[in-house]
Amino acid sequence: MTTLTERAPAVRGLALTAEKLTLGYGRAPVLRGLDLAIRPGEVLAVAGASGSGKSTLLRALAGLLRPAAGRVLADGVEVAATSAERAMVFQDDGLLPWRTVRRNVELPLVLRKVPRAERRAAAASWLARVGLTESAGLLPRELSGGMRQRVQLARALAGAPRAVLMDEPFGALDPQTRAGMQRLLRGVLRETRATVVFVTHDVDEALLLGDRVAVIGGGALRTVIEVGEEDDDLRARVLKEL
Ligand SMILES: Nc1ncnc2c1ncn2[C@@H]1O[C@H](COP(=O)(O)OP(=O)(O)O)[C@@H](O)[C@H]1O
Ligand SMILES: [Mg+2]
């Protein structure tokens, strides 16, 4: 029998597509006919001014919000609800306060009825990767903000999702902790083939973590920039669109 941890590297990233996506919360839609094709296995950073609809787009990709018009596709299949295939990571952690670190990380596996021993092994492996082996028995309130975000990351990845949707996960961290988390995430993302959509309002973070940077504004996609190694003007090109 293969274990989840052995299977995890074989995960294939989802292709996520927004087609003429229109949605909002009241009369005036936040997104108006947005088209975006996210490649399987890429890290797409989504940048945009505050209020431009980054979180709205992410919730639509997750299946938390239904489009008023247009649609979201995952591997060509219309997204109609949330799915364990598409894991969300939020800015404020959403860990269950009464469960230990280890049991928080095991949660997606419990929900999928993965046997206990396999669950334990997968949680231990991800906790090691985010440097929290020693903290496995602690409760969320006993952790720093950066540690809680690492638990959230481990929890999201332990479920071997095919897409990870991250909404400004480091937005509440102090700059030093944030820089450490960015380094960690870059390393961890190299080990997973999941598609990652990473929302940030920080252009430098977008360029550091993204294979591509999508800039949204005015309810639509403004531009998508490939993050090559040689282009010195990337930052200016993103800032121009914000
Ligand atoms: N639950 C909600 N109810 C009503 N309006 C909302 C809600 N969430 C967001 N909005 C509005 O939708 C717009 C886009 O919000 P959001 O997607 O959160 O932007 P961003 O994440 O880019 O800052 C904003 O004008 C915001 O006020
Ligand atoms: Mg937001």
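When a ligand or atom number is given, it counts from 1 through the structure's own listing order. For reference, positions follow the sequence shown, starting with 1. Because only heavy atoms are used, hydrogens play no part in the values below, and waters and symmetry mates are left out as well, while side chains stay in. Remember, predicted model here, so these are calculated numbers, not experimental data.
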T56 heavy atoms, cut-off 4.0 Å: which ligand 1 atoms fall inside?
14 (C), 15 (O), 16 (P), 17 (O)
Side-chain donor-acceptor pair present, E168, T200, cut-off under 3.5 Å
no
For residues W98 and P140, determine if any side-chain heavy atom of one lies less than 4.5 Å from a side-chain heavy atom of the other.
no
In terms of side-chain geometry, is the basic nitrogen of E226 or R39 positioned less than 4.0 Å from the acidic oxygen of its partner?
yes
In this structure, atom 19 (O) of ligand 1 is nearest to the protein heavy atom G53 N, 3.2 Å
Distance to 0.1 Å, residue and atom name: give those for the protein heavy atom nearest to atom 6 (C) of ligand 1.
Y25 CD1, 3.2 Å
With a 4.0 Å cut-off on heavy atoms, is G51 touching ligand 1?
yes
Could you tell me whether D75 and R162 make a salt bridge, using a distance below 4.0 angstrom between a side-chain N and a carboxylate O?
yes
Let me check something: do F90 and F170 share a hydrophobic cluster, defined by ILVMFWY side-chain heavy atoms less than 4.5 Å apart, either directly or through other members?
no
Does a side-chain heavy-atom distance below 4.5 Å link L16 with L44?
no
For the Mg ion (ligand 2), does an N/O/S atom of S50 lie at less than 2.8 Å?
no
How far does CD1 of I216 sit from CG of L36, to the nearest 0.5 angstrom?
9.0 Å
Nearest protein heavy-atom contact for atom 18 (O) of ligand 1: which residue, which atom, what distance?
S55 CB, 3.6 Å
For S50, counting its heavy atoms only, list the atoms of ligand 1 lying under 4.0 Å from any of them.
23 (O)
Less than 4.0 Å from atom 26 (C) of ligand 1, is there any heavy atom belonging to the protein?
no
Under 4.0 Å to a heavy atom of A49 - the qualifying atoms of ligand 1, by number
22 (O)
Side chain, backbone, both or neither: which part of V30 comes within less than 4.0 Å of ligand 1 when only heavy atoms are counted?
side chain
